[in-house]
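Structure, as structure tokens:
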Amino acid sequence: MHFQPATGVLAGLPLLRIEVAGPVVHLRLHRPDKRNALNEALVRQLHTAFVNLPPDARAAVISGEGAHFSAGLDLSEVTEQSVADGVLHSRLWHAAFDQIQYAPVPVVAALHGAVVGGGLELAASAHLRVAEPSAFYALPEGQRGIFVGGGGSARIPRLIGVARMTDMMLTGRVLDADEGQAAGLTHYLVAEGRGLAKALELAARVAANAPLSNYAVTQALPRIADMAQSDGLFVESLMSAIAQGDEAAKQRVRDFLAKRAGKVGKSA
Ligand code: 1HE
């Protein structure tokens, strides 16, 4: 894949390095001296980036520069915060991470080193997670006297369950990359140094799907899972009919019937 620096709004976000290769956008957290700790500026820049993805983007990858994905909340910014500021600060994170979860395109996170606190909340807002063996996961909020504020209480239990998250927060338990994979935090565990390449490969594969079908998976699927079954089944029927009615779906089905498309497990 041949990456070029992003242009326009995406080029003016100094705490992110954003590059584009065809339909894939790669956003790299770029605060390695602070272990990609998420200060307010970086959270705002993530929001701006995901609001302004190029119209022809079909998938995005988030990674972290340096030895760690992210050390979470920038603790230097919280010491003097009032209660009211704290609520607004958390809502800012929610806006940014919602923009990732509900982005127009699927998002893959490439994880290595520390994926802790708000860093894990950020990773949980992506749709696919790839880890290297150096990755470790923790929620040190309990030890710091605070609580998750970046959507973690809503998203992380949906990945690993309330019981595991309770353990991580009460005891400070750190999961290594194998434990994170077994618990369901990550989808893929690859060799050290291969995480970004795997994430980009997955993004390219996802980008080749029909966009509306991807949109249904990332937007409708988690919402249906939150609904009562009869409501979910009705929404499924609507989403399915909408996706099926799209020309991209019709063309793909015609291609399969004409033996121009790959069989399951094989490319065309
Ligand atoms: C930071 C932060 C940070 C590093 N805020 N400055 N997150 C945490 O509790 C994790 C705290 N960080 C660590 O445990 C370690 O830094 C790491 C295990 C991630 C990495 O260790 P290491 O040895 O590679 O780096 P370091 O020497 O600890 O840190 C390098 C610099 O980054 C140093 O600054 P310097 O000016 O002395 O060079 C650190 O102070 C700085 N740094 N992490 C601020 N987090 C929306 S609610 C979310 C709530 C949370 O995320 S709570 C979890 C917070």
Side-chain angles (χ1 to χ4, degrees), residues 1-3 6 10 18-28 46-63 95-111 122-131 151 154-155 158-159 184-188 190 195-227 232-257 260-268:
M1 293 170 99
H2 185 60
F3 279 94
L10 299 190
I18 306 182
E19 296 182 313
V20 179
V24 176
V25 182
H26 175 204
L27 306 96
R28 196 189 294 258
L46 278 167
H47 183 263
T48 302
F50 275 89
V51 169
N52 290 282
L53 290 178
D56 50 358
R58 294 288 174 264
V61 170
I62 305 176
S63 69
F97 291 3
D98 267 8
Q99 202 57 48
I100 296 172
Q101 180 176 359
Y102 301 118
V105 300
V107 181
V108 186
L111 309 175
L122 169 59
S125 67
H127 304 105
L128 293 173
R129 281 162 292 280
V130 178
R155 294 194 180 96
R158 287 182 164 80
L159 302 178
L185 270 181
T186 54
H187 299 80
Y188 299 86
V190 298
L196 180 57
K198 180 70 180 177
L200 293 171
E201 176 202 317
L202 292 170
R205 194 182 308 165
V206 165
N209 295 338
L212 189 56
S213 187
N214 279 345
Y215 197 70
V217 172
T218 61
Q219 312 299 310
L221 189 58
R223 287 186 167 95
I224 291 170
D226 283 344
M227 288 176 191
L233 290 177
F234 185 66
V235 173
E236 179 188 89
S237 296
L238 300 181
M239 193 66 249
S240 149
I242 291 168
Q244 224 169 288
D246 195 52
E247 179 50 31
K250 294 189 167 126
Q251 186 59 49
R252 281 161 190 258
V253 173
R254 280 197 293 268
D255 285 346
F256 176 76
L257 294 174
R260 289 190 298 264
K263 296 184 184 183
V264 172
K266 296 179 187 150
S267 47

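One is the number of the first residue; the rest follow in order along the sequence. Since this is a predicted model, take the numbers as computed values, not measurements. Hydrogens, waters and symmetry mates are skipped; everything else that's a heavy atom, side chains included, is used.
Side chain of Arg205 to backbone of Glu201: no donor-acceptor contact under 3.5 angstrom is found. Between the side chain of Lys250 and the backbone N or O of Gln244 there is no donor-acceptor pair closer than 3.5 Å.
Between atom CG of residue Asn214 and atom CZ of residue Arg58 there is a gap of 9.5 Å, rounded to the nearest 0.5 Å. Atom CD1 of residue Ile242 and atom OG of residue Ser237 lie 10.5 Å apart, to the nearest 0.5 angstrom. In this structure, CG in Leu46 is found 8.5 Å from OG in Ser125, a value given to the nearest 0.5 Å. Going from atom CD1 of Ile224 over to atom CG of Leu238 covers 9.0 Å, rounded to the nearest 0.5 Å. For the atom pair CZ of Arg129 and CD1 of Ile62, the computed distance is 10.5 Å after rounding to the nearest 0.5 Å. The CD atom of Glu236 sits 16.0 Å away from atom CZ of Arg223, with the distance rounded to the nearest 0.5 Å.
In this view, Arg254 and Glu247 satisfy the salt bridge (Lys or Arg N to Asp or Glu O under 4.0 Å) rule, not counting sequence neighbours.
No side-chain heavy atom of Asp246 sits less than 4.5 Å from a side-chain heavy atom of Pro211. No side-chain heavy atom of Val217 sits less than 4.5 Å from a side-chain heavy atom of Asn209. When side chains are defined from C-beta on, Leu196 counts as touching His26, because their heavy atoms get closer than 4.5 Å. Within the 4.5 Å cutoff, the side chain of Val206 has no heavy atoms near those of the His127 side chain.
By the neighbour-count criterion of 12 heavy atoms within 6.0 Å, atom CZ of Phe256 is sparsely surrounded, having that number or fewer from other residues, nucleotides or ligands.
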Show which side-chain atoms of residues 100-111 pair as donor or acceptor with protein atoms under 3.5 Å away, not counting sequence neighbours.
from: Gln101; atom 1: OE1; to: Arg155; atom 2: NE; distance (Å): 2.6
from: Gln101; atom 1: OE1; to: Arg155; atom 2: NH2; distance (Å): 3.1

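The minimum heavy-atom distance linking Ala95 with His47 is given by the pair O-CD2, 3.5 Å. Pairing each heavy atom of Val61 with each of Ala199, the nearest pair is CG2-O, 3.7 Å. Scanning all heavy atoms of the two residues, the minimum distance from Ala49 to Ile18 falls at CB-CD1, 3.9 Å. Heavy atoms only, all atoms of each residue included: Arg252 and Ala208 are closest at NH2-O, 2.7 Å. Closest of all the heavy-atom pairs between Ala210 and Ala248 is CB-CB, 3.8 Å. When all heavy atoms of Leu200 and Phe3 are compared, the closest pair comes out as CD2-CZ, 3.6 Å.
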I would like to know whether Val235 and Met227 meet side chain to side chain contact (heavy atoms under 4.5 Å, CB included); could you show each step before the answer?
CA-CA 9 Å; Val235 173; Met227 288 176 191; 3.8 Å; yes
